[in-house]
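Take a look at the structure below.
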Amino acid sequence: MARKLSEQVVVITGATSGIGRETALQMAARGAKVVLAARNAENLRAVAQEIKAAGGEALPVVTDVAEWSQVEHLAQTALERYGQIDTWVNNAGISEYATVEDTSLAEIERIIQVNLLGQIYGIKAVLPHLKSRNEGTIINVASGLGERAVPLQVTYCASKSGVKGFTEGFRMELARQKSNIKITLILPSSINTPLFRHARSKMGVKPMPVPLVYQPEIVARAIVFAAENPRRDIYVGSVGKLLAWLERLSPAFLDWLMVQNGTLFKLQQTDEPPVETDNMFEPSVGPGRTHGEFGKQSLPISPYTSLLELHPNRKRLLLAGTIAGVVALVRRSGHS
């Protein structure tokens, strides 16, 4: 168990849009002092003002997580203002929809810098402070696509797979040191955020999330939960967990299923033209939003996440029951 959110200082990257924005609002509503990080200064001020108008406390810090000096400055600014950091949420991310052949080296480098190095920078920036106190929580937002890659988002998938691998190895180092620092990996399924509007597309059309799609509030609730109740991994939405299971069961079959009749290509494409501006190298334009444009297709809840992922003992009981049932069936068939 970690401190109550009302006693915490929380740093959130990617805090002006989608999951990060909603997480900041929920954290502040629970009484946390929230340090907001993103590239767009105007949108940062807007989120901070919304939090303050609701009676919360927020500190906006313009930050490009792809730059180590800026992430280091973010941590220092938070410590100078509040004297402590209790939870650090590595959430900032960008994407591009294109084949590997059509993706430039500059674009590949940028996605890796933001999505993977940005999270590593966050860990390195806050770690000395957390080590000095021997407490605190780091929450890394990866993706179900970090477990199983899909076409047209290959670099994004690689970056999220890297986040997963870095988190797992770092967690074992902390365990070896008997550290009280906790690290949680969040693995969302497709989420209805503005990412799809901001992503660079070379498909000739605007991208869309692969069904099933969930609302960002579900992910934010999982992050808020983890800030007080750290878990090893939290899958948000059953689809991400299903992909992980299928990947372990038969990756070759999953390859075939995804490319059959162009399934995973078609499911990522709308009929609309791509936006003229994206947030690959520059901040997104326009006001920051929590939700994307796919609300009608999005689920407001994930029973799997709320009933099982946030309660590991229930998962263990379900697994034990399933194994016992399989064993009983095998024994019964052996006696028949």
May I ask you to decide whether [X] forms a salt bridge with [Y], counting only side-chain N to carboxylate O separations under 4.0 Å?
X	Y	value
Arg110	Asp64	yes
Lys164	Asp233	no
Arg221	Glu217	no

Are more than 12 heavy atoms, taken from residues, nucleotides or ligands other than [X], located less than 6.0 Å from that residue's [atom1] atom?
X	atom1	result
Arg200	CZ	yes
Glu42	CD	no
His73	NE2	no

Any side-chain heavy-atom pair of [X] and [Y] under 4.5 Å:
X	Y	result
Phe166	Ile120	yes
Arg176	Met172	no
Val210	Leu145	no
Ile123	Thr167	no
Arg148	Leu246	no
Leu254	Leu243	yes
Leu127	Phe170	yes
Tyr82	Glu57	yes

Which distance, rounded to the nearest 0.5 Å, do you find between the [atom1] of [X] and the [atom2] of [Y]?
X	Y	atom1	atom2	value
Ile301	Gln215	CD1	CD	12.0 Å
Ile12	Thr87	CD1	OG1	9.0 Å
Gln119	Leu117	CD	CG	10.5 Å
Phe294	Ile191	CZ	CD1	13.0 Å
Gln153	Ser159	CD	OG	9.5 Å
His198	Asn279	NE2	CG	6.5 Å

Nearest heavy-atom pair of [X] and [Y]: which atoms, and what distance?
X	Y	result
Lys206	Phe196	CG-O, 4.0 Å
Asn90	Gly118	OD1-O, 4.0 Å
Ala227	Thr137	O-OG1, 4.3 Å

Review point. Taking Arg21 as the fixed residue, which of Thr16, Asn91, Thr290, Thr193 is the one that meets the side-chain hydrogen bond (donor to acceptor under 3.5 Å, both in side chains) rule?
Key: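 Among Thr16, Asn91, Thr290, Thr193, the one that satisfies the side-chain hydrogen bond (donor to acceptor under 3.5 Å, both in side chains) with Arg21 is Thr290.
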
Review point. Under the 3.5 angstrom rule, does the side chain of Thr263 hit a backbone N or O of Val259 as a donor-acceptor pair?
Key: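 Side chain of Thr263 to backbone of Val259, a donor-acceptor pair under 3.5 Å: no, none is there.
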
